[in-house]
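Here the structure is a predicted model, which is why all the values come from computation and not from measurement.
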Amino acid sequence: MDKKYCVGLGEILFDVLPTGSQLGGAPANFAYHAGQHGLQSVAVSAVGSDLLGDEALRLLDEKHLKYVMPRVDFPTGTVQVELDAEGVPTYDIKEGVAWDNIPFTDDIKEVAANAGAVCWGSLAQRNEVSRKSIYQFLDHTPEDCLKVFDINLRQNFYTKEVICESLKRCDVLKINDEELITIGRLFGYPGLDIENKCWLILGKYNLDMLVLTCGVNGSYVFAPGFKSFQETPKVEVADTVGAGDSFTGTFCASILKGKSIAEAHKLAVEVSAYVCTQHGAMPVLPEKYTK
């Protein structure tokens, strides 16, 4: 990696769970897990000039996660999370918050210029301010930066145009089976089976890889002329919050460290299964996953 950052870019927020509040948001989760695999990771977002903003930065410091998070005149983001009997979350995501208004500062520009990889999603693009900053960030990354679009469709906070723009800008698309059905409807190819949809998207947007997770039904990685499949390990689920981000962070870190797609995929599956057995999105991983 050579002093290049692995960047999680977008929303920082508190998941308000039945058991209490947990710091989360896909970018911080991604950066935290990439960092556990020995990469220089950094989370880029914005927090409010409020007590929750203070708490967010304190918790990131506690997790030893580097961050660039300007303080803005909007409240720090929160999400009401309800868990069903299987521990699967549904989200009520508050609007008009700090991470909707990420400014493209000189400090953020510097992170972009030194990025070895960046992961972003659709949620942080629901507001024009952050959407514009995300595009500027991507435009300032080095040519060899690995750009990962973890689509992360939430509620109604996405449009076809936003998804198209990010697909054009990414090297790797990460998507789950439910999101793939939504994309199929949105883009007008609902009749194709799962694999054919993936091959079509891979080819149409000239992607290096497409990662498809299907919950208990396993996961796939598609690359030109190559397919990897891994079964999902059966584990006792505490909650699934952050499991997908741990998968993406681990997969991305493994690829950057020179592992093959199949090796990276296997480790990502093992790590995300472990995270499902823990409460919250940022557990410390056992050494067997990080060495």
Side-chain angles (χ1 to χ4, degrees), residues 1-12 23-46 59-69 99 102 104-105 107-121 123-124 133-152 166 169-174 207-209 211 221 242-261 263-272 275 281-285 287 289-291:
M1 275 289 283
D2 194 32
K3 293 194 175 172
K4 285 191 173 180
Y5 293 120
C6 201
V7 183
L9 172 62
E11 65 274 14
I12 182 94
L23 184 66
N29 296 343
F30 167 85
Y32 174 74
H33 285 289
Q36 288 202 85
H37 295 282
L39 299 189
Q40 281 203 75
S41 59
V42 59
V44 173
S45 187
L59 288 168
L60 292 171
D61 287 335
E62 207 174 80
K63 294 278 186 189
H64 306 293
L65 178 56
K66 283 197 181 84
Y67 54 83
V68 178
M69 294 194 187
W99 60 260
I102 303 167
F104 190 65
T105 63
D107 286 347
I108 290 176
K109 186 176 175 180
E110 192 178 335
V111 172
N114 291 287
V118 56
C119 181
W120 77 99
L123 180 56
S133 292
I134 287 169
Y135 293 165
Q136 285 179 283
F137 188 100
L138 295 172
D139 290 344
H140 282 84
T141 57
E143 187 117 333
D144 61 351
C145 176
L146 183 68
K147 299 185 185 75
V148 182
F149 179 40
D150 187 352
I151 196 164
N152 228 352
S166 286
R169 291 166 184 266
C170 74
D171 305 307
V172 181
L173 170 65
K174 160 104 181 310
L207 304 178
D208 294 340
M209 286 176 263
V211 180
V221 181
D245 304 322
S246 72
F247 183 114
T248 316
T250 299
F251 183 79
C252 191
S254 301
I255 293 291
L256 290 174
K257 286 164 75 177
K259 287 190 191 302
S260 70
I261 291 175
E263 289 169 328
H265 186 192
K266 184 173 186 291
L267 184 60
V269 166
E270 289 169 359
V271 167
S272 61
V275 170
M282 296 187 196
V284 174
L285 295 177
E287 198 183 320
Y289 297 127
T290 58
K291 62 185 183 206

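Residues V211 and D150 have side chains not in contact (no heavy-atom distance under 4.5 Å, counting atoms from C-beta outward). Taking 4.5 Å as the limit, some side-chain heavy atom of L60 sits within range of a side-chain heavy atom of M69. P27 places none of its side-chain heavy atoms less than 4.5 Å from the side chain of W99. Side-chain atoms of C170 and W120, non-hydrogen and from C-beta on, do get closer than 4.5 Å to each other. By the 4.5 Å heavy-atom criterion applied to side chains, F251 and V221 are counted as neighbours. A heavy-atom distance below 4.5 Å is found between the side chains of L267 and Y289. Side-chain contact between Y32 and V284: present, with at least one pair of heavy atoms (C-beta onward) separated by less than 4.5 Å. Side chains of C6 and L256 form a contact here, defined as non-hydrogen atoms less than 4.5 Å apart.
With hydrogens and angles disregarded, no donor-acceptor distance shorter than 3.5 Å links the side chain of S166 to the backbone of F149.
Of all the heavy atoms in A281 and G242, the pair that sits closest is CB-CA, 3.7 Å. Heavy-atom minimum distance, G35 versus S41: CA-OG, 3.3 Å. Here the closest non-hydrogen pair linking K147 and L138 is CE-O, 3.8 Å. Contact between A46 and I12 at its shortest, heavy atoms only, is O-CG2, 3.3 Å.
By the 30° and 60° cut-offs, the orientation of the rings of F104 relative to H140 is tilted.
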Item to complete: Determine, stepwise, if the pair V275 / L285 fulfils side chain to side chain contact (heavy atoms under 4.5 Å, CB included).
Response: CA-CA 8 Å; V275 170; L285 295 177; 4.2 Å; yes

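Enclosure of atom NZ in K266 is not indicated, since only 12 or fewer non-hydrogen atoms of other residues, nucleotides or ligands lie within 6.0 angstrom. No more than 12 heavy atoms of other residues, nucleotides or ligands shown are found within 6.0 angstrom of NZ on K259. Within a 6.0 Å sphere centred on CD of Q136, other residues, nucleotides and ligands contribute more than 12 heavy atoms.
Atom NE2 of H33 and atom CE of M282 lie 7.0 Å apart (nearest 0.5 Å).
The residue from T250, N152, N29 that alone fulfils the side-chain hydrogen bond (donor to acceptor under 3.5 Å, both in side chains) condition with D245 is N29.
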